[in-house]
Amino acid sequence: MTKRLIRFGCMGVITLMLAGCKIDLYSELSEAEANQMLAMLLLRNIDAQKEVAKGGLVTIKVDKEQFVNAVELLRQNGLPRKKVATMEELFPSGQLVTSPAQEHAKITYLKEQQLEKMLRAMDGVIIAQVSIGEGTSQNPRETPKPSASVFIKYSPERNLLNRETDIKSLIYNSVPNLRTENISIVLQAADYRYQPLSEADMTAEDQNNRWTWLAQNRLLLALSLGALAVLVAVMSYGRLPRSDRR
């Protein structure tokens, strides 16, 4: 019984040590997005965990010393994803009747959002921005020739330069009456600021983190170990014969 209590007490102290080092990285995430971000962090040996709030939204926590690398790693992979406007948000039920020009502008904006979403689904894309120009025509009988401008920032771990033809084809097939010569695409590799730690550096960092946490929480540890010692002493005293208690 005494050994079991000692084991539980040690596990409680270790749990306190592990839980005291985490700070919030991102909050109010969906379960799917949080799992994707958590998997990405764990694959790069960044200690992270998630907490689910009452409303089902999730918070990602990481060690304070790994906060910068965690933010940079997620940025290089385009996480968290940009929120996309939906049809219901642009055209809510019960709204007042708008002009045809306003309706057309909303539809164009929605199309830009959908194209950006498809481009961000490509491996390595961090930021995707699409702008569709309607064009003008002096002859009212002629259909205006639209144009499209695309800007993509991608991870340096990926080579998207050889995907420019695919990107242009995607834009061309999504915008009616668009000519290929009116499509402008700019691809830019992001600065690679994330530096993965070597195994030796990770071991040294882990040791430094432990000593730092011990120094900051020495009072909590002393109280926990003191309470554990009192509990063990009480249990040991209770197992002694009555003749030995005097």
Side-chain angles (χ1 to χ4, degrees), residues 26 29-41 43-44 60 69-92 98-196:
Y26 287 103
L29 302 169
S30 65
E31 184 77 17
E33 188 171 32
N35 289 337
Q36 186 179 8
M37 296 168 65
L38 185 64
M40 181 66 62
L41 294 171
L43 283 174
R44 291 298 184 89
I60 298 292
N69 275 345
V71 171
E72 181 61 17
L73 173 61
L74 295 177
R75 184 188 76 87
Q76 294 287 353
N77 289 274
L79 297 172
R81 302 294 184 186
K82 177 184 175 183
K83 303 300 181 183
V84 179
T86 63
M87 183 71 73
E88 291 76 14
E89 293 173 344
L90 291 179
F91 299 95
T98 59
S99 66
Q102 291 175 326
E103 296 290 325
H104 184 72
K106 289 182 179 181
I107 293 174
T108 300
Y109 177 74
L110 186 63
K111 185 177 298 183
E112 292 172 347
Q113 295 276 287
Q114 294 301 321
L115 286 172
E116 291 174 1
K117 183 178 180 180
M118 287 190 288
L119 292 173
R120 285 195 299 270
M122 298 174 63
D123 291 339
V125 174
I126 300 173
I127 298 174
Q129 296 178 344
V130 178
S131 177
I132 300 176
E134 293 305 319
T136 59
S137 177
Q138 299 296 332
N139 188 351
R141 296 184 179 180
E142 293 182 359
T143 303
K145 302 302 181 184
S147 61
S149 300
V150 181
F151 172 76
I152 294 178
K153 180 175 286 189
Y154 61 93
S155 172
E157 295 182 345
R158 303 281 183 172
N159 181 16
L160 257 68
L161 296 178
N162 57 359
R163 302 295 302 275
E164 185 172 354
T165 302
D166 297 334
I167 296 171
K168 181 172 291 188
S169 177
L170 176 67
I171 302 298
Y172 173 78
N173 293 324
S174 301
V175 181
N177 303 318
L178 180 63
R179 297 179 178 177
T180 54
E181 60 267 21
N182 292 336
I183 302 175
S184 175
I185 298 177
V186 175
L187 301 174
Q188 177 183 338
D191 294 334
Y192 193 75
R193 298 193 294 264
Y194 172 72
Q195 296 295 331

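Excluded from the calculations below are hydrogen atoms, water molecules and symmetry mates; all remaining heavy atoms, backbone and side chain alike, are included.
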Student: Go through the structure and list residues passing side-chain contact (heavy atoms from CB on, under 4.5 Å) with Ala189, not counting sequence neighbours.
Tutor: Tyr154
Student: Can you find a heavy atom in the side chain of Val150 that is under 4.5 Å from one in the side chain of Leu115?
Tutor: no
Student: Can you name the one residue among Met37, Lys117, Gln36 that meets side-chain contact (heavy atoms from CB on, under 4.5 Å) with Arg81?
Tutor: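 For Arg81, the side-chain contact (heavy atoms from CB on, under 4.5 Å) check succeeds only for Gln36.
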Student: List in chain and number order the residues that pass side-chain contact (heavy atoms from CB on, under 4.5 Å) with Asp123, two or more places apart in sequence or in another chain; answer none if no residue qualifies.
Tutor: Arg158
Student: From Asn77 CG over to Glu72 CD, what is the distance, rounded to the nearest 0.5 angstrom?
Tutor: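 Asn77 CG to Glu72 CD: 10.0 Å, rounded to 0.5 Å.
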Student: Mind listing the side-chain donor-acceptor pairs of residues 172-184 below 3.5 Å, one per line with the distance, residues two or more places apart or on another chain?
Tutor:
unit_1, atom_1, unit_2, atom_2, d
Asn173, ND2, Ser169, O, 3.1
Asn173, ND2, Ser169, OG, 3.4
Ser174, OG, Leu170, O, 2.7

Student: My understanding is that only residues two or more places apart in sequence, or in another chain, count here; which of them pass side-chain contact (heavy atoms from CB on, under 4.5 Å) with Glu31?
Tutor: Asn35, Lys50, Val52, Val58
Student: Would you say Glu112's side chain and Ile132's backbone share a donor-acceptor pair under 3.5 angstrom?
Tutor: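 Flag set: sc Glu112 to bb Ile132 pair under 3.5 Å.
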Student: Atom CZ in Arg75, atom NZ in Lys153: separation rounded to 0.5 Å?
Tutor: 6.5 Å
Student: Who pairs with Glu33 by side chain to side chain donor-acceptor pair (under 3.5 Å), at least two apart in sequence or on another chain?
Tutor: none
Student: When rounded to the nearest 0.5 angstrom, what is the spacing between CG in Leu74 and CD1 in Ile126?
Tutor: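 One finds 11.0 Å between CG of Leu74 and CD1 of Ile126.
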Student: Find out whether Leu79 and Tyr26 are in side-chain contact, i.e. whether some heavy atom of one side chain is under 4.5 Å from a heavy atom of the other.
Tutor: no
Student: Measuring from Lys145:NZ to Glu134:CD, what's the distance to the nearest 0.5 Å?
Tutor: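 Reported value, rounded in 0.5 Å steps: 13.0 Å.
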Student: With a 4.5 Å heavy-atom cut-off, do Ile167 and Met122 have their side chains touching?
Tutor: yes
Student: Determine the minimum heavy-atom distance between Gln76 and Pro156, stating which atoms define it.
Tutor: OE1-CD, 3.2 Å
Student: What is the minimum heavy-atom distance between Leu160 and Leu187, and which atoms define it?
Tutor: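 That closest heavy-atom pairing would be O-CD1, 3.4 Å.
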Student: How about Lys111 and Gln114: do any of their side-chain heavy atoms sit closer than 4.5 Å?
Tutor: no
Student: I need the full list of salt bridge (charged side-chain N to carboxylate O under 4.0 Å, His left out) pairs touching residues 164-175, with sequence neighbours left out, sorted by first then second residue.
Tutor: Arg163-Asp166
Student: Which value, rounded to the nearest 0.5 Å, describes the distance between Leu38 atom CG and Leu41 atom CG?
Tutor: 6.5 Å
Student: Could you state the interatomic distance from CG (Leu119) to CD1 (Ile152), rounded to the nearest 0.5 Å?
Tutor: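 Reported value, rounded in 0.5 Å steps: 4.5 Å.
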Student: Report the residues that fulfil side-chain contact (heavy atoms from CB on, under 4.5 Å) with Val186, sequence neighbours left out, ordered by chain and then residue number.
Tutor: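 For Val186, the residues satisfying side-chain contact (heavy atoms from CB on, under 4.5 Å) (neighbours in sequence not counted) are Phe151.
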Student: Do the side chains of Ile185 and Ile171 get nearer than 4.5 Å, heavy atoms only?
Tutor: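 No, too far: nothing below the 4.5 Å cut-off.
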